[in-house]
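Atom set for the values below is all heavy atoms of this structure, side chains included, hydrogens, waters and symmetry mates excluded. Note that ligands are numbered from 1 as they come in the structure, with each ligand's atoms numbered from 1 the same way.
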Amino acid sequence: MSHMTSSFVVKSVQFRLLFLLSSALILTLTRCSKDSGKGNGETTPLLSLNSVSQTEGTGGNTKFGFELILNAASSKVVSVEITTADGTALTTEDFIGVNKQVVTIPAGQTKTTFNIDVVGDDWKETTEDFLIQISNPVNCQLAGTTYKGFILNDDTKFRINDDGSNTSPLTYPGYSLVWSDEFSGSALDQTSWNFETGDGCPNCGWGNNELQFYTPGNNLYMQDGKMIIEARFESAGGKNYTSTRITTQNKKTFTFGRIDIRAKVPKGKGIWPALWMLGSNISTVSWPKCGEMDIMELLGQEPNKVYQTVHFGPGPASTQKSRNKISTTAYSEVYHLFSVNWEMDKVQFFVDNELLLEMTKADAGGADYPFNNPFFFIINVAVGGNWPGSPDGTTPFPSWMMVDYVRVFQK
Ligand SMILES: [Ca+2]
Ligand SMILES: [Ca+2]
Ligand SMILES: [Ca+2]
């Protein structure tokens, strides 16, 4: 209490000093504003930019016009610097980059347009984006500093990109080729393959809470000797994604042999491509008693890791044996070879001819070993589900798996 009384006089002196100082400061600020022409009620205008979504064009460059907009005209020339940056689209390959390009809006006007050149091609591509960064505003304030350009696909031809990696021989000593699909036709050979449509329900037999609806072929393409499955972000059958799943059930079933499947897999969070087989007796003995051989599975968010797995057992849950292989590069970069050496009481799985997984009758404890029975092929690209989780904004759609061939050799 006594301390408060004694400090009153000192405080009042301080207050007067402060008042004088602030008056001087206000005077200085006003003078500055007048000097830069922002006085007399003219406020600094706010500058914004519209993001642009446009098709890419084919042959030559396409101009993407970005409009710089002021919320009010200025009596001064307004300028900013524009710099582009890579999103999923890349400088030079997909668009012509600019670095600190000065763009001006003349005094008294409220907008201007600047162009970014986008490189056209004739390849079917996922929507790609690049960034427009705005800096160094003169006579304006920035409503935002980063905007996007979206390059929309306008092509139907797939970029197959087969560099010849990881091919396999057409003959093996002591074996003959008993069936293959080289996917060299213009349509899927439905004497060998079925489209398995829907979402696995009403029995929900696919059981992984997947997010895709499998269409009867709408998501399958044939081009240049490849079978292409396209996973799309589109609504169908109550699902938000569509894809394709094909099987050889009741058409081509095999017991034992050497199997080679060469494919290029997709990547991206929540994308789940699979090359696999199920025991042909699934309809009578059910899963997992029928057995499952996963020749290749990959989770798109871990594109450097492939899995090979067998499921078996009396059920209802499966017993499994699984191995994975981690590569220094994403499996989506080039074609890879996924193979099986399958004989009585033993199955071996290979990635690019490297042995990854071996399953023997002894491993199953004998009784529940289903791998001496006929199996059929399944090829699909699933979206979401218990194992991969859901896709997100980083997942490229459409997303593609390209299969070069499925070959079966037997003794
Ligand atoms: Ca194009
Ligand atoms: Ca294109
Ligand atoms: Ca082929």
Tyr307 and Trp387 aromatic centres sub-6.0 Å: yes
Glu182 atom (N/O/S) at minimal separation from the Ca ion (ligand 3): O
Shortest-distance N, O or S atom of Glu125 relative to the Ca ion (ligand 2): OE1
The Ca ion (ligand 1) contact by Asn153, N, O or S atom under 3.0 Å: no
Qualifying ring-ring contact (aromatic ring centres under 6.0 Å, His included) pairs with a residue from residues 69-121, counting only residues at least two apart or across chains: Phe66-Phe114, Phe95-Phe130
Apex the Ca ion (ligand 1); atoms Asp154 OD1 and Glu56 OE1; angle rounded to 10 degrees: 100°
Distance flag, aromatic centroids of Phe158 and Trp400, threshold under 6.0 Å: yes
N, O or S atom of Trp123 closer to the Ca ion (ligand 2) than 3.0 Å: yes
Pair Phe377 + Trp276: ring centers closer than 6.0 Å: no
Gly57 N/O/S atom closer than 3.0 Å to the Ca ion (ligand 1): yes
Centroid separation Trp179 to Phe254 less than 6.0 Å: yes
The Ca ion (ligand 3) contact by Arg262, N, O or S atom under 3.0 Å: no
For the Ca ion (ligand 2), the closest N/O/S atom belonging to Asp155: OD2
Arg262 side chain reached by Thr167 side chain, heavy atoms, under 4.5 Å: yes
The Ca ion (ligand 2) - closest N/O/S atom in Asp121: OD1
Separation of Thr360 OG1 from Glu358 CD (nearest 0.5 Å): 6.5 Å
